[in-house]
There are 2 protein chains.
Amino acid sequence: MSGTHTDVPSVVAADLPRPVPASEHDACPVSEVLRRIGDKWTVLVIVLLGKRKHRFNELHRSIEGLSQRMLTRTLRSLERDGLVAREVYPTIPPSVEYGLTPLGESLLTPLSALADWAVAHADEMSAARGRAG
Amino acid sequence: MSGTHTDVPSVVAADLPRPVPASEHDACPVSEVLRRIGDKWTVLVIVLLGKRKHRFNELHRSIEGLSQRMLTRTLRSLERDGLVAREVYPTIPPSVEYGLTPLGESLLTPLSALADWAVAHADEMSAARGRAG
DNA sequence: CAGAATCCTTATCGATACTG
DNA sequence: CAGTATCGATAAGGATTCTG
């Protein structure tokens, strides 16, 4: 409660990706989550925001190869899903900080489990692909 | 060691998806794994195979909306990554069984963690998207 | 049964240029 | 600084037809 920021979500439609078709049944919630975070940049952003809050260009500089457009889209998606909070400080020039919500923080745990698995078995997977890929 | 099957991987190129560009750095192994299993059908297949072995058409019937083409591609990718094993029984008509490898089985654990998270927070996410989606 | 081949639609992503 | 707008390339996914 100390800042002068306006914690307003960026409701503007922009060109957000689909909110995940979710069409039909989708009996598997895991699939839905994976479709959300399984894209090219989302986890990278989550991991960075898991350490501390970041400003837009800070994220942009930290993640090599990430375009401005994709960073915006990624952040908007995360915001829409309630995983990331956006704080706008109406200064000149504007300053925007992104951080994880409690929901976003809670995702770090299962994500770490997957990270551990990935690190532990990366060699096995690449070996398998070496044989047949 | 009891069957008469030939446990031959289907090395035929077919029209497999990219083995994940993996181009450049890719400092994050989590991202790589998520790109592999984050597609539309992979986890569904893994979960089913986690219960028991399945035949091709058995999987096809079990997963509504999954086309033959995508099932083949999904299985080939999983096979290439060493997560799924393919056993061909040279009968007439042919019979092919798919099952998880030990590596595939080991993925079930972190996947379950993510599944639990997804189930626990599905309502929060849809609530967030209800507000802004 | 278990696929391969082909065609076509749509979604995803990146590059570039512009703005309050 | 923190975006938006537009465009083009490519990848993912689906439908259909055919085969050993």
Side-chain angles (χ1 to χ4, degrees), chain A residues 5-6 8-24 31 34-42 44 53-61 63-77 79 84 86-98, chain B residues 5-6 8-24 31 34-42 44-45 53-77 79 84 86-98:
Chain A
H5 70 274
T6 51
V8 183
S10 40
V11 219
V12 283
D15 82 314
L16 282 161
R18 331 287 90 50
V20 166
S23 46
E24 282 118 53
S31 293
L34 281 171
R35 292 288 285 188
R36 284 226 168 69
I37 66 175
D39 75 299
K40 204 169 180 180
W41 308 109
T42 297
L44 273 339
K53 291 185 177 182
H54 281 70
R55 295 181 52 173
F56 185 88
N57 276 342
E58 202 174 2
L59 289 170
H60 193 199
R61 280 190 301 270
I63 304 177
E64 188 179 326
L66 171 55
S67 69
Q68 231 170 26
R69 174 169 130 75
M70 287 314 294
L71 177 54
T72 301
R73 281 177 62 117
T74 302
L75 288 169
R76 291 288 179 280
S77 290
E79 199 188 344
V84 159
R86 179 175 180 263
E87 297 173 29
V88 181
Y89 296 85
T91 57
I92 298 179
S95 168
V96 180
E97 269 196 355
Y98 292 92
Chain B
H5 71 273
T6 51
V8 183
S10 38
V11 219
V12 282
D15 81 315
L16 281 161
R18 339 283 93 50
V20 167
S23 47
E24 285 118 51
S31 294
L34 282 171
R35 292 288 286 188
R36 285 225 167 70
I37 65 175
D39 75 297
K40 204 169 178 180
W41 308 108
T42 297
L44 272 341
V45 171
K53 291 185 177 180
H54 282 71
R55 296 180 53 174
F56 184 89
N57 275 341
E58 203 175 0
L59 289 170
H60 193 199
R61 280 190 301 271
S62 299
I63 304 177
E64 188 178 327
L66 171 55
S67 69
Q68 234 170 26
R69 175 171 128 79
M70 288 313 295
L71 177 54
T72 302
R73 284 178 59 120
T74 302
L75 288 169
R76 290 288 179 281
S77 290
E79 200 189 345
V84 159
R86 178 174 180 266
E87 297 172 29
V88 180
Y89 297 84
T91 56
I92 297 179
S95 168
V96 180
E97 268 196 355
Y98 292 92

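Bear in mind the structure is a predicted one, so any value in this text is a computation, not a measurement. So that the names make sense, note that chain A is the first sequence line, chain B the second, and so on, each numbered from 1.
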> In Å, rounded to the nearest 0.5 Å, how long is the span from CD of A:E58 to CD of A:E97?
Replying inline: 8.0 Å

>> With rounding to the nearest 0.5 angstrom, report the CG to CG distance, A:L66 to A:L44.
In response: 8.0 Å

For [X] and [N], is the shortest distance between a side-chain N/O and OP1 or OP2 below 4.0 Å?
{"X": "A:R73", "N": "D:dA2", "value": "no"}
{"X": "B:R55", "N": "C:dA2", "value": "yes"}
{"X": "B:Y98", "N": "C:dG3", "value": "yes"}
{"X": "A:K40", "N": "D:dA11", "value": "no"}
{"X": "A:R76", "N": "D:dT4", "value": "yes"}
{"X": "A:R86", "N": "D:dG3", "value": "yes"}

In whole Å, what is the span from the [atom1] atom of [X] to the [atom2] atom of [N]?
{"X": "A:I92", "N": "D:dG3", "atom1": "CD1", "atom2": "P", "result": "16 Å"}
{"X": "A:R36", "N": "C:dT12", "atom1": "CZ", "atom2": "C1'", "result": "17 Å"}
{"X": "B:W41", "N": "D:dG13", "atom1": "CH2", "atom2": "C1'", "result": "9 Å"}
{"X": "A:M70", "N": "D:dC7", "atom1": "CE", "atom2": "C1'", "result": "15 Å"}
{"X": "B:E97", "N": "C:dG3", "atom1": "CD", "atom2": "C1'", "result": "17 Å"}
{"X": "A:H60", "N": "D:dG3", "atom1": "NE2", "atom2": "C1'", "result": "11 Å"}
{"X": "B:E87", "N": "C:dC1", "atom1": "CD", "atom2": "C1'", "result": "16 Å"}
{"X": "A:L66", "N": "C:dC13", "atom1": "CG", "atom2": "C1'", "result": "11 Å"}

With [X] via side chain to side chain donor-acceptor pair (under 3.5 Å) - residues at least two apart:
{"X": "A:R69", "answer": "A:D15"}
{"X": "A:S77", "answer": "none"}
{"X": "B:T42", "answer": "B:D39"}
{"X": "A:Q68", "answer": "none"}

>> I'd like to compare against my own output: the B/S/- annotation of nucleotides 15-20 of chain C with a strict under-4.0 Å heavy-atom distance to protein.
In response: B-B--B

>> Please pick, from C:dA4, C:dG14, D:dG13, the nucleotide with the shortest atom-to-atom distance to any side-chain atom of B:D39.
In response: D:dG13

>> Counting only side-chain heavy atoms from C-beta out, which of D:dG3, D:dC1, C:dA2 sits nearest to B:V96?
In response: C:dA2

>> Checking B:R86 against B:V88 for the side chain to side chain contact (heavy atoms under 4.5 Å, CB included) test, could you report, in this order, the C-alpha distance in whole Å, the side-chain angles of both residues, the deciding distance, and whether it holds?
In response: CA-CA 6 Å; B:R86 178 174 180 266; B:V88 180; 3.4 Å; yes

> Looking at B:I63, B:V45, B:N57, which one forms a side-chain contact (heavy atoms from CB on, under 4.5 Å) with B:L71?
Replying inline: B:V45

> Once you build an axis from the first five pairs and another from the last five of the helix from C:dC1-D:dG20 to C:dG20-D:dC1, how far apart in angle are they, to 10 degrees?
Replying inline: 50°

